[in-house]
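To start, the structure under review is shown below, and the notes come after it.
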Amino acid sequence: MPFDHPEFDRHERVCHIDDARTGLRAIIAIHRSREMGAAGGVRFRPYSSGDEALCDVLRLSKAMTYKNVLAGLPVGGGKSVILGDPAHDKTPSLLRAFGRVVDGMGGAYLCGPDVGTSPDDMDVIATETSHVGGTNRQMGSSGPPTAEGVFRALLALARHLGATNGVSGLHVAIQGAGAVGGHLAGLLAAAGARVSVADPDYFRARAVAERTGAEVVSPEEVLTLEADILSPCALGGVISEATLPGLRVRGVCGGANNQLATEDDGRRLQARGIAFVPDFVASGGGIIAGMAASGLYPSDEMQPRLDSIHDRALEILRRADATGETPNAVAHAMAHEILKIDSERVNPPIV
Ligand code: NAD
């Protein structure tokens, strides 16, 4: 029962879908709605249990609220998970069935690609609903704009760490040479940073290195490398009790969602004097670009929104230093303030 679930945070809606005809088993969660509903990606994963899927969708939809609100977008947070192995279970009929469910929500939830789904899948979903972003026609891969946002957050972190010439001369270790990490490596190298990159797929890391002049390190090494900044661009939960003691960096900032295994790990990071840009702030570029491409706000507002990731990140880092709160706690408080103003506009206080 979601009401009793430890990850339940007064989510507005949690819909379970079990469609025997197409095999679709999914959960859609809306954490908070705003003026234009709630938005977040469709994750397709072979979850080991229904509870694991529920846990993921509750956590991810909440993180989307923070991401969307702090990116200045007129949407709250939503997310969906489809239970299954995308390599075997992802069929056009299943995706179309999912599209019909999204359509039935009448715009309350806007979906887009996430781990296990692609712009091609969004094209299939778009045959059933208009409440979908990230199709091929709209923009294709959201990796490059996400990397653009992470790059701005890294510039803020560099400034916070005392650098006076952007990331030039800093050593950044990137975990993950995929759509985000690969593009980020190019931006950093062009800005004069020394870049190390790791990926279990050696050829992927090698290709990024050849294109950008980065050096390849092993996935084990990247978490203990002596560098200025670690940029997690692969998995969630990478900052944990197990990895924290080995970190030899001054800051952490990357595109991966939910980098802290627990909020306590944020406190441990801070106690070690390692500055952290909340992932839901650094990784907002993809959805900022996706919503502009979907026509949900004027496209000439996209670049300023992307650029504002820098100032938002810097403000969070400075407030965290001044108050002793963790950057995540500071960012959450900022988002709650914006949501409070929102709800007072819709429901003015009774005087
Ligand atoms: P991707 O699948 O293109 O790339 C991820 C890469 O990480 C892969 O090359 C994979 O081999 C590698 N990897 C896996 N385990 C690793 C490990 N232990 N060490 C080093 N590398 C490892 O994914 P992506 O689109 O680049 O996204 C990366 C992260 O950013 C994900 O956590 C994703 O949720 C998050 N994110 C992506 C976007 C986007 O628009 N693509 C937006 C917001 C957040």
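Here the structure is a predicted model, which means the values were calculated and not measured. The figures here come from the full heavy-atom set of this structure, side chains too, leaving out hydrogens, waters and symmetry mates. Order of appearance sets the numbers: ligands from 1, and atoms from 1 within every ligand.
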Item checked: With sequence neighbours excluded, residues passing ring pair (Phe, Tyr, Trp, His ring centres under 6.0 Å) with Tyr66 -> Phe280, His332, His336
Atom pairs and distances, donor-acceptor, side-chain atoms in residues 179-198, under 3.5 Å, two or more places apart:
from	atom 1	to	atom 2	distance (Å)
Arg194	NH2	Glu215	OE2	3.1
Ser196	OG	His171	NE2	2.8
Ser196	OG	Glu215	OE2	2.6

Margin query: When you measure from the side chain of Asp265 to the backbone of Thr262, do you find a donor-acceptor pair of N or O atoms at a distance under 3.5 Å?
Written below: yes
Next item on the list: Please list, by chain and number, the protein residues whose heavy atoms come under 4.0 Å of ligand 1.
Entry: Arg43, Lys67, Val115, Ser142, Gly143, Thr146, Gln175, Gly176, Gly178, Ala179, Val180, Ala198, Asp199, Pro200, Arg204, Pro219, Cys233, Ala234, Leu235, Gly255, Ala256, Asn257, Ser283
Note to self: Here's one to test your reading of the geometry: is the NZ or CZ of Arg206 within 45 degrees of the ring axis of Phe203 and under 6.0 Å from its centre?
What the structure shows: no
Note to self: Closer than 3.5 angstrom, by distance alone: can the side chain of Asn68 be matched with the main-chain N or O of Gly76 as a donor-acceptor pair?
What the structure shows: yes
Notebook entry, point to check: How does the hydrophobic cluster around Leu230 look, that is, which other residues are in it when side-chain heavy atoms under 4.5 Å mark a link?
Noted result: Val217, Val222, Leu223, Leu225, Val238, Ile239, Leu244, Leu247, Val249, Val252, Leu260, Leu269, Ile274, Phe276
